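Counting convention: from 1, in listed order, for ligands and their atoms alike. Quick caveat, the model's predicted, so the values are computed rather than measured.
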Amino acid sequence: MSEAVNVAELFGKNVFNETVMRQYLPKTVFKKLKKTIEDGAELDPSIADAVAHAMKDWAIERGATHYTHWFQPLTGITAEKHDSFISAPTSEGKVIMEFSGKELVKGEPDASSFPSGGLRATFEARGYTAWDCTSPAFLREDAIGVTLCIPTAFCSYTGEALDKKTPLLRSMEAVDEHALRILRLFGNATAKRVTPSVGPEQEYFLVDHEKYLQRKDLIYSGRTLFGAAPPKGQEMEDHYFGAIRERVAAYMKEVNEELWKLGVPAKTQHNEVAPAQHELAPIYEQANIAVDHNQLVMETLKKVAGRHGLNCLLHEKPFAGVNGSGKHNNWSLTSDDGINLLNPGETPHENIQFLLVLSCILKAVDKHADLLRESAADVGNDHRLGANEAPPAIISIFIGEQLEDVVDQLCSTGEATHSKTGGTLKTGVRTLPDLFKDATDRNRTSPFAFTGNKFEFRMVGSSDSISSPNVVLNTITAEAFKEAADILEKAENFDAAVHDMIKENLIAHRRIIFNGNGYSDAWVEEAEKRGLPHLKTMVDAIPALTTDDSIKMFEEFKVFTRAELESRAEIEYEAYSKAINIEARIMIDMAGKQIIPAVIRYASVLADSLGKVKTACPAADTSVQEELLVEVSEYLSDAKVALAGLIDAAEGCAAMEEGRDQAIACRDKIVPVMSALRAPVDKLEMIVDKDLWPMPSYGDLIFEV
Ligand code: ADP
Ligand code: MG
């Protein structure tokens, strides 16, 4: 048995949270800061010094030596540069510990090496990090010691966003403003703020670290680029929710403890569908904190794995043939007076406010389906979306039986008079309780599913930041709310106007609702008939960022400027090309230096054996050796031809100018040749003596953790 943990004591231990602030800050400063954090009021710069001193005292008492502005550049992960608290030594050779308001509020990392998509040429490399007080500072404990981490936004000299945080905060302000207008229309005079709530479910794989080190593909790209299917995969469905193995359990325990200390409300853990695949879900929080916390979750999953001789793979598709990993982004809108705008209540047909909100979201998602799809695009996710394990690459909305019935009533007769109820579920066993059934079953195949009082966006990749999906959800919803409020605020007869608007929205955007099987081919055809966009790959999705509709909307709500959108598109094309090129080079390396030599060794073992047997016993049957030799030689020459093709393709693409054309070339010229090389190699792995095969197999990796 492992040690007992006092979670209540542990939780938030390393966070500069309200309790700490109350204790360390002068009352007036505390009040001002709280006003900014809670009501979104402008930050009063005069409090910066007092806050900095308090943070420093608290951090140093806890053993901190350094502080860092922690930010989220467009690499999708976090970045930091550490500064120690020490001042210049005094004449007696002593130092004191210093941290000023100026250092808290503004940082200036040398920004030239972060992707900026042309927003900032390297010669004008200035970039600033700005303190984001809405997300609490925290202490990180690791081999470096204790570091005070200050969440920040990262902008260029000219104020353009160079990160994932700034647009998120902007989008939260946009949806806040227009959601409040909707609440006011329904007579709510008390709410001061509406915030998006987000709960991201994080999937990941664990493999043994020693085995990981023997796989160059895992080391360099986070996924296997070769590998024959093991005798058993996930077909028995015995891993999903299965009992958690001891080694993994010890790992999960430590992950939870680390996260709790950081104030991340880790809640659920279980085994996922694929062998060696697991999931962690926190309790939902306001969007910007959820985004920060998800970064901490990913970082912690990786860090703690190292302490257990494990390696955590966050890639969307580490192994072919078994499920990949995603991130379900649960999203809702909550007011500070406790109303979840997405809560339909018991009788949705009577809940006009909910129906308006629902119809606005249907409109928003239908109108900007391409953008929502784009927000989940990353290189690894191309292997998942549309591959019968994750949602298709087509955006549609599942609203469930109960709401679909209400929508039907509204669209056909113009009136909704009743809501279906769930009733009770009879277990048929006297000793078991009867359960209240939800009014709606689940649909796992839908990319955007209404699940009771929130939408669950299931397309997001497991390694990706959840910022972009939430920026899009917040902004498209803000737009739909604004359009509704502009009309309804002027209506003479509000009841009639809102009724008409709900009906109009539903009729106009009904095509986006799909409650059937999203994995079926029939749906792909049906979606095309409905005119829904089907953007199969990341490269197909990127243009959605810079359509006229997208630019107009993002500029109107001050979330992105045209230049920022164009730069992001450019960065994504580059990221795509670079990732594919790296994968190609890894395959070239592994095939040329490890696999082909191993196969040649095996062929010579076969040839030796053939010669020896023939000499020793001319009458013996050597057909097995001969057949194997022929087979191995054939696959070997296929592999060699494909390898030469891959070298050509990779060189050709690398020589191109960066941008969309290069990304398209990588997708169309490199990716197919990678498959052509993999196919004979995977066949060879099934033939060649295991002792000669130069790396652990799929079976070794996913069944022996
Ligand atoms: P489900 O069973 O529908 O997947 P869970 O209760 O397992 O839902 O929750 C999944 C995630 O959704 C968790 O992170 C949870 O905190 C989050 N969640 C629950 N309610 C909401 C909500 N109203 N808004 C946003 N996220 C939510
Ligand atoms: Mg879920």
Side-chain angles (χ1 to χ4, degrees), residues 11 168 171-172 175-176 179 191 193-204 240-241 252 255-256 259-260 262-273 278-298 300-301 325-345 348 351 353-354 357-358 361 365 390-391 397-403 422 425 435-460 462 465-467 469-474 477 515:
F11 192 84
L168 179 69
S171 75
M172 288 171 69
V175 76
D176 172 35
R193 221 174 160 198
V194 174
T195 353
S197 301
V198 172
E201 303 164 54
Q202 174 76 48
E203 293 179 335
Y204 60 94
Y240 190 53
F241 284 16
M252 286 180 171
V255 166
N256 287 331
L259 290 174
W260 290 332
L262 293 167
V264 180
K267 170 88 173 160
T268 325
Q269 60 203 16
H270 60 82
N271 286 355
E272 256 302 327
V273 170
H278 308 278
E279 179 180 304
L280 181 154
I283 297 171
Y284 63 92
E285 301 175 280
Q286 85 179 42
N288 58 324
I289 296 184
V291 169
D292 284 6
H293 280 176
N294 182 248
Q295 292 286 356
L296 289 177
V297 165
M298 292 195 282
T300 305
L301 285 170
S325 299
K327 194 136 53 184
H328 292 177
N329 187 87
N330 293 273
W331 175 90
S332 66
L333 292 168
T334 327
S335 69
D336 60 339
D337 59 352
I339 297 160
N340 175 354
L341 276 69
L342 292 178
N343 188 356
N351 188 342
Q353 181 182 305
F354 170 76
V357 168
L358 177 74
I361 294 176
V365 172
I397 305 183
F398 170 80
I399 56 170
E401 211 182 311
Q402 186 191 44
L403 292 180
L425 179 149
L435 303 174
F436 281 112
K437 239 178 20 177
D438 293 305
T440 287
D441 201 359
R442 283 173 182 270
N443 180 334
R444 299 237 163 251
T445 66
S446 175
F448 196 68
F450 186 71
T451 43
N453 61 2
K454 60 183 160 62
F455 274 103
E456 188 170 336
F457 183 40
R458 304 205 180 106
M459 268 189 180
V460 188
S462 50
S465 159
I466 52 167
S467 171
N470 290 301
V471 169
V472 171
L473 285 172
N474 296 341
T477 305
N515 285 336

**Request:** Return yes when N453 approaches ligand 1 closer than 4.0 angstrom through a heavy atom, no otherwise.
**Result:**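 Contact check N453 vs ligand 1: positive.
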Suppose I only count heavy atoms of [X] and a 4.0 Å limit; which atoms of ligand 1 are within that range?
X: N340; result: 23 (N)
X: I283; result: 16 (O)
X: G199; result: 14 (O), 26 (N)

**Item:** K267, portion touching ligand 1 at heavy-atom distance under 4.0 Å
**Value:**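 No part of K267 is near ligand 1 at this cut-off.
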**Asked** Using heavy atoms and a threshold below 4.0 Å, how should the contact between T334 and ligand 1 be classified: side chain, backbone, both, or neither?
**Response**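 The answer is neither; T334 stays 4.0 Å or more away.
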**Asked** Between N351 and Q353, does any side-chain donor sit less than 3.5 Å from a side-chain acceptor?
**Response**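 The criterion, which ignores hydrogens and geometry beyond distance, is not satisfied for Q353 and N351.
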**Pair E285, H293: side-chain N/O donor-acceptor within cut-off below 3.5 Å** =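 Distance-only check passes for E285 and H293.
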When you measure from the side chain of [X] to the backbone of [Y], do you find a donor-acceptor pair of N or O atoms at a distance under 3.5 Å?
X: Q202; Y: S462; value: yes
X: N329; Y: N470; value: no
X: D176; Y: M172; value: no
X: N330; Y: G199; value: yes

**Of the listed options E456, H270, E201, K454, closest to atom 8 (O) of ligand 1 (non-hydrogen atoms)** =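 Comparing heavy atoms across E456, H270, E201, K454, the nearest one to atom 8 (O) of ligand 1 lies in K454.
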**Request:** Can you figure out which of A281, S332, S197, P196 has its heavy atom closest to atom 24 (N) of ligand 1?
**Result:**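 The residue whose heavy atom sits nearest atom 24 (N) of ligand 1 is S332.
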**Prompt:** Which heavy-atom pair separates S446 from R458 by the least distance, and what is that distance?
**Reply:**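 That closest heavy-atom pairing would be O-NH1, 2.9 Å.
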**Message:** With nothing but distance in play, are any N or O atoms of P282 less than 3.5 Å from an N or O of ligand 1?
**Reply:**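 Yes: some nitrogen or oxygen of P282 is under 3.5 Å from one in ligand 1.
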